[in-house]
Amino acid sequence: QVELVETGGGSVQAGGSLTLSCTTSYTYNIACMAWFRQATGKEREGVAAIDSDGSTAYADSVKGRFAISRDNGKNTLYLRMNSLKSDDTAMYYCAAVLHTRVCTVVVDQYNTQFGYWGQGTQVTVSS
């Protein structure tokens, strides 16, 4: 069983920064980890993904502002969020898939492969 626990959410003013963390108890290599978000009244959307080699993929809405990274030794996934906007307000979820050849959140058809999810952490950006 893969447990994912997100931390680091909070309230910040527009233009500010936050770093989210996602820690897992799973000690083996995870092929792909990602961040998703869901704003109130909207569908869940992929934000960023990273594979076991460190290759990344980002949604257009966060490119240049967000950075995903992982520390396999600490079993932790990160999302550094800079230049935050009110549109970034959402519940942010960490997700993982143990085995896959495609690690992305950019193309919706690959999003259903994420079988493990955290409970979410709220990010609120005020303008």
Side-chain angles (χ1 to χ4, degrees):
Q1 185 70 15
V2 179
E3 292 187 7
L4 304 171
V5 179
E6 304 97 331
T7 57
S11 297
V12 64
Q13 289 191 330
S17 299
L18 278 175
T19 297
L20 305 182
S21 299
C22 171
T23 302
T24 175
S25 58
Y26 194 74
T27 58
Y28 298 98
N29 191 36
I30 297 175
C32 179
M33 300 188 75
W35 290 97
F36 289 79
R37 66 186 181 186
Q38 187 167 19
T40 302
K42 295 187 178 181
E43 292 188 355
R44 184 184 66 192
E45 64 172 347
V47 175
I50 184 168
D51 68 14
S52 57
D53 293 327
S55 296
T56 59
Y58 294 93
D60 286 343
S61 58
V62 304
K63 277 182 182 177
R65 300 189 299 121
F66 290 12
I68 189 171
S69 61
R70 61 192 286 179
D71 185 332
N72 293 329
K74 294 182 178 179
N75 299 328
T76 302
L77 175 73
Y78 302 99
L79 184 68
R80 175 65 178 177
M81 304 184 293
N82 296 322
S83 302
L84 282 162
K85 308 174 182 178
S86 56
D87 287 348
D88 296 319
T89 295
M91 185 72 79
Y92 283 72
Y93 298 92
C94 172
V97 52
L98 301 185
H99 306 289
T100 182
R101 292 184 178 182
V102 180
C103 184
T104 183
V105 293
V106 176
V107 182
D108 288 344
Q109 68 186 77
Y110 294 116
N111 289 347
T112 58
Q113 66 178 338
F114 291 94
Y116 300 98
W117 295 83
Q119 82 289 349
T121 186
Q122 179 67 37
V123 172
T124 302
V125 184
S126 57
S127 56

Distance in Å, [X] [atom1] paired with [Y] [atom2], rounded so as to fall on 0.5 Å steps:
{"X": "Thr24", "Y": "Leu4", "atom1": "OG1", "atom2": "CG", "answer": "5.0 Å"}
{"X": "Ser83", "Y": "Arg65", "atom1": "OG", "atom2": "CZ", "answer": "7.0 Å"}
{"X": "Thr100", "Y": "Asp51", "atom1": "OG1", "atom2": "CG", "answer": "9.5 Å"}
{"X": "Leu79", "Y": "Glu6", "atom1": "CG", "atom2": "CD", "answer": "11.0 Å"}
{"X": "Glu3", "Y": "Asn75", "atom1": "CD", "atom2": "CG", "answer": "12.5 Å"}

Applying salt bridge (Lys or Arg N to Asp or Glu O under 4.0 Å), name anything that partners [X], two or more places apart in sequence or on another chain.
{"X": "Lys63", "value": "Asp60"}
{"X": "Asp53", "value": "none"}
{"X": "Arg44", "value": "none"}

Pairs in or reaching into residues 39-80: which pass disulfide bond (SG atoms under 2.5 Å apart), with residues at least two apart or in two chains?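 Pairs touching residues 39-80 that pass the test: none.
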Listed once per pair and sorted, the disulfide bond (SG atoms under 2.5 Å apart) pairs that draw on residues 43-107, sequence neighbours left out: Cys22-Cys94, Cys32-Cys103
Joint cluster assignment, Val125 & Val62, ILVMFWY side-chain distance < 4.5 Å: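 Yes; tracing contacts between hydrophobic side chains, which count when under 4.5 Å, links both residues.
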In this structure, would Tyr110 and Tyr116 fall into the same cluster of hydrophobic residues linked by side-chain contacts under 4.5 Å? no
By side-chain contact (heavy atoms from CB on, under 4.5 Å) - contacts of Ser52 (at least two apart):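 Once residues adjacent in sequence are excluded, the partners of Ser52 under the side-chain contact (heavy atoms from CB on, under 4.5 Å) criterion are Asn29, Arg70.
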Which side-chain N or O atoms in residues 9-19 pair as donor and acceptor under 3.5 Å with protein atoms at least two apart or in another chain?
| residue | atom | partner | partner atom | Å |
| --- | --- | --- | --- | --- |
| Ser17 | OG | Asn82 | OD1 | 2.9 |
| Thr19 | OG1 | Arg80 | NH1 | 2.9 |

Ser86 side chain to Ser126 backbone, donor-acceptor under 3.5 Å: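 Checking the backbone N and O of Ser126 against the side chain of Ser86, no donor-acceptor pair under 3.5 Å is found.
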For residues 22-39, which residue pairs qualify under salt bridge (charged side-chain N to carboxylate O under 4.0 Å, His left out), counting only residues two or more places apart or in two chains? Arg37-Glu45, Arg37-Asp88
Linking Ile, Leu, Val, Met, Phe, Trp and Tyr through side-chain heavy atoms less than 4.5 Å apart, which residues share a cluster with Val5? none
Fellow cluster residues of Phe36, listed by chain then number, with links counted only when side-chain atoms sit under 4.5 Å apart: Met91, Tyr93, Val97, Val105, Phe114, Trp117
Sequence neighbours excluded, every pair satisfying ring pair (Phe, Tyr, Trp, His ring centres under 6.0 Å) that has a member inside residues 5-33: Tyr26-Tyr28
Enumerate the residue pairs fulfilling ring pair (Phe, Tyr, Trp, His ring centres under 6.0 Å) with a member in residues 54-84, sequence neighbours excluded, ordered by first and then second residue.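 Applying ring pair (Phe, Tyr, Trp, His ring centres under 6.0 Å) to every pair that reaches into residues 54-84, excluding sequence neighbours, yields nothing.
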Within 6.0 Å of CD in Gln38, more than 12 heavy atoms from elsewhere: yes
When you look at Gln122 and Thr89, which way does the side chain to side chain contact (heavy atoms under 4.5 Å, CB included) test go after all the steps? CA-CA 8 Å; Gln122 179 67 37; Thr89 295; 4.0 Å; yes
For Val106 versus Thr104, what's the shortest heavy-atom pair and its separation? N-OG1, 3.0 Å
